[in-house]
2 protein chains.
Amino acid sequence: MTMTYPPLSRDGAEPLWMQLMRALRAEIESGVRGPDQPLPSEAELSDLFGVSRTVVREALRELVQQRLIYKVKGKGAFVAPRKTELRFVGSMSGSADDLRESGRRVTTQTVRQALGEADEREAALLRIPLGEQVVRLRRLRRVDGQPWLLVDTALPARLVPGLERAILENQSLYDVLRRRYGIEPAAADRWIEAVFPNREDAALLEVSTSTPLLGIESVAWLEDNTRFEAYYALHRSDQTRFYVGIR
Amino acid sequence: MTMTYPPLSRDGAEPLWMQLMRALRAEIESGVRGPDQPLPSEAELSDLFGVSRTVVREALRELVQQRLIYKVKGKGAFVAPRKTELRFVGSMSGSADDLRESGRRVTTQTVRQALGEADEREAALLRIPLGEQVVRLRRLRRVDGQPWLLVDTALPARLVPGLERAILENQSLYDVLRRRYGIEPAAADRWIEAVFPNREDAALLEVSTSTPLLGIESVAWLEDNTRFEAYYALHRSDQTRFYVGIR
DNA sequence: CGGGCCCACTTGTAGTTACAGGTTCGAGTG
DNA sequence: CACTCGAACCTGTAACTACAAGTGGGCCCG
């Protein structure tokens, strides 16, 4: 299997290791090498591409981190099986859609809806400058009349002009984002913790301040890595549980 | 701020970069450097610890990946803001593998390990008849010495003969399942809730019975839909949060 | 006093060498 | 024939050098 590789450019526009990483990734994703098939050794790649082992190792390190390959000391580097790694395939949506399908009556009440300036936490999560305009939403979601979820959402105003005036009652925010702003979520990070609510949140959720709740922080982004939404949700888990599927 | 660092051991038991990474991480997590405060430059660290810049860069790279620091070209490395947000990557595994990679000392203590007959919950989750033999495990996982996770696992004895006698201390259960029984997890469902521990569990986790914990129920299955594992895990979330990446 | 440039310092990239430690496989030995 | 042991090969760790490229402060000049 003697592949012909495009030569690497040494004009300094792009690091050698990145070019090499791309070349190897393209080859792997093309499927030329099956799962668990070995890549050429570092020394061989070094010769093949005319670069130092430093560059080769840097490129392989990146591929390992992307979980496209794995390395075994003393043996070599191998194509990782299951190109779609097992991951949490959670409801990308704010869960409204899923619940609706289950035949329950889901209502969403907007408690607050306003323009504001990003505080430190929002700026960090959304990767925007401190003080940049954001649309803030505080929404209470009920299922069959019972308080379920209290969500504080922040979105960069630049991405969603006019959202501070949109009617969101009983709508899925993700639906609005998709239809009105063409926003297609690509991925998200979420952190889940067990917390107590403060007095105000407890009142809205109709629980005592000593009821343990799920606190869920989330940041979601587009294909191009633009962060478009950050939220913190308080989830009553005394009646139901938060579901995560992994496929 | 002239810190006194413990000297690095050169006996080869642990790579220099990992020792250095640990030393820097301990310092950062102790809080002596505030958020966005600069670390010593690579050259300074090199001198301070008497190692090459190679070792320093390797250690810093690891800390960047753990999101404890960030680097800016031409300026330096800085303590990342956001609290001690220890990373807990959720993939398929029981989290042991992921944590181990982050260079922390993960120990697993088997509190109980026995054969038994499936109760109603286990039978329903595993889709086996009531009373069929199951292997039950109760394991306590510590990270850097601190109790982290208490897991009650049930597996159909038919699928894992002899597991009730296997030595599981400090091993990843998923590793054992894979190597010894050829079990390859294909998917899983998980439900997360916020709960209080009972007295016994609280004692094991070294928290009070009024500390809110994450309760995680999980059932995992093979490609052919055979359920091979059901567990309920209690997760301390006062020190770290449960992370879910959605891609 | 203001502006621009240079220099010192920083991280990033790339090359080199050396050796440690794990894996594989075949030659030689009992 | 089985078994061992070493050679060859692999990745991991560590050292060194060199230069590119970004940052920031201070000095000099107009």
Side-chain angles (χ1 to χ4, degrees), chain A residues 1 5 7-24 28 33 36-80, chain B residues 1 5 7-24 28 33 36-80 100-103 175 179:
Chain A
M1 186 192 305
Y5 296 99
L8 305 183
S9 147
R10 275 177 187 275
D11 59 5
E14 200 182 30
L16 291 174
W17 65 263
M18 195 175 290
Q19 299 177 55
L20 175 54
M21 184 271 285
R22 266 190 238 281
L24 293 173
I28 290 166
R33 289 179 213 282
D36 298 310
Q37 290 296 102
L39 271 68
S41 76
E42 296 180 356
E44 285 167 355
L45 287 171
S46 204
D47 287 348
L48 268 171
F49 286 90
V51 294
S52 72
R53 200 179 147 211
T54 309
V55 171
V56 173
R57 285 181 61 78
E58 198 74 26
L60 293 183
R61 178 204 302 277
E62 193 60 28
L63 292 173
V64 167
Q65 199 176 339
Q66 292 173 27
R67 309 215 179 224
L68 282 166
I69 66 170
Y70 61 92
K71 297 176 82 171
V72 182
K73 184 171 177 179
K75 294 184 71 173
F78 305 84
V79 175
Chain B
M1 182 183 319
Y5 297 98
L8 305 184
S9 145
R10 276 180 187 272
D11 59 5
E14 199 182 31
L16 292 174
W17 65 263
M18 193 174 289
Q19 298 177 54
L20 174 55
M21 184 271 286
R22 264 191 239 279
L24 293 173
I28 290 166
R33 286 179 215 282
D36 298 310
Q37 292 293 0
L39 270 67
S41 76
E42 295 179 356
E44 285 167 353
L45 287 171
S46 202
D47 287 348
L48 266 171
F49 287 89
V51 295
S52 71
R53 203 181 145 209
T54 309
V55 172
V56 173
R57 286 181 61 77
E58 197 74 24
L60 292 183
R61 178 203 304 278
E62 194 58 29
L63 291 173
V64 167
Q65 198 175 340
Q66 292 174 29
R67 308 204 190 234
L68 281 165
I69 66 169
Y70 61 91
K71 297 175 83 171
V72 182
K73 183 171 177 179
K75 293 184 72 174
F78 305 85
V79 174
R100 205 182 308 277
E101 278 169 23
S102 70
D175 266 359
R179 293 194 196 154

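Throughout, protein chains are lettered first and strands after them, A, B, ... in sequence-line order, and every chain is numbered starting at 1.
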Sequence-distant partners of A:R10, side-chain hydrogen bond (donor to acceptor under 3.5 Å, both in side chains), two or more places apart
none
Note: A:R61-B:E58 ion pair, threshold 4.0 Å (strictly below)
yes
Given DNA chain D, 5'-ward residue of the pair A:S41 and B:G74, judged by closest heavy atom
A:S41
Residues which pass side-chain hydrogen bond (donor to acceptor under 3.5 Å, both in side chains) with A:E14, listed by chain and number, not counting sequence neighbours:
A:R22
Taking any atom closer than 4.0 angstrom to a non-hydrogen atom of chain A, what span of DNA chain C does the protein reach, first nucleotide to last?
C:dT13 to C:dT24
Under 4.5 Å between any side-chain heavy atoms of B:Q37 and B:F78, yes or no?
no
Need to verify one output field. Residue with the more 5' nearest nucleotide on DNA chain D, A:V72 or B:R53?
A:V72
Among residues 10-20 of chain A, which residues get a heavy atom nearer than 4.0 Å to DNA chain D?
none
Using the heavy-atom set of chain B and a strict 4.0 Å cut-off, write down the first and last nucleotide of DNA chain D that makes it in, 5' to 3'.
D:dT13 to D:dG24
Any side-chain heavy atom of A:D36 within less than 4.5 Å of one from A:V79?
no
Within the structure shown, what part of the strands sits under 4.0 Å from A:T54 by heavy-atom distance: base, sugar-phosphate, or nothing?
base
Partners of A:Q19 by side-chain hydrogen bond (donor to acceptor under 3.5 Å, both in side chains), sequence neighbours excluded?
none
Do B:L20 and B:L60 have side-chain heavy atoms sitting under 4.5 Å apart?
no
Is A:R57 close to A:K71 at the side-chain level, that is, under 4.5 Å between some pair of heavy atoms?
yes
If you compare all heavy atoms of A:L45 against all heavy atoms of A:P40, which two are closest, and at what distance to 0.1 Å?
CD1-O, 3.7 Å
Taking every heavy atom of B:R33 against every heavy atom of B:P38, the minimum-distance pair comes out as NH1-O, 3.7 Å
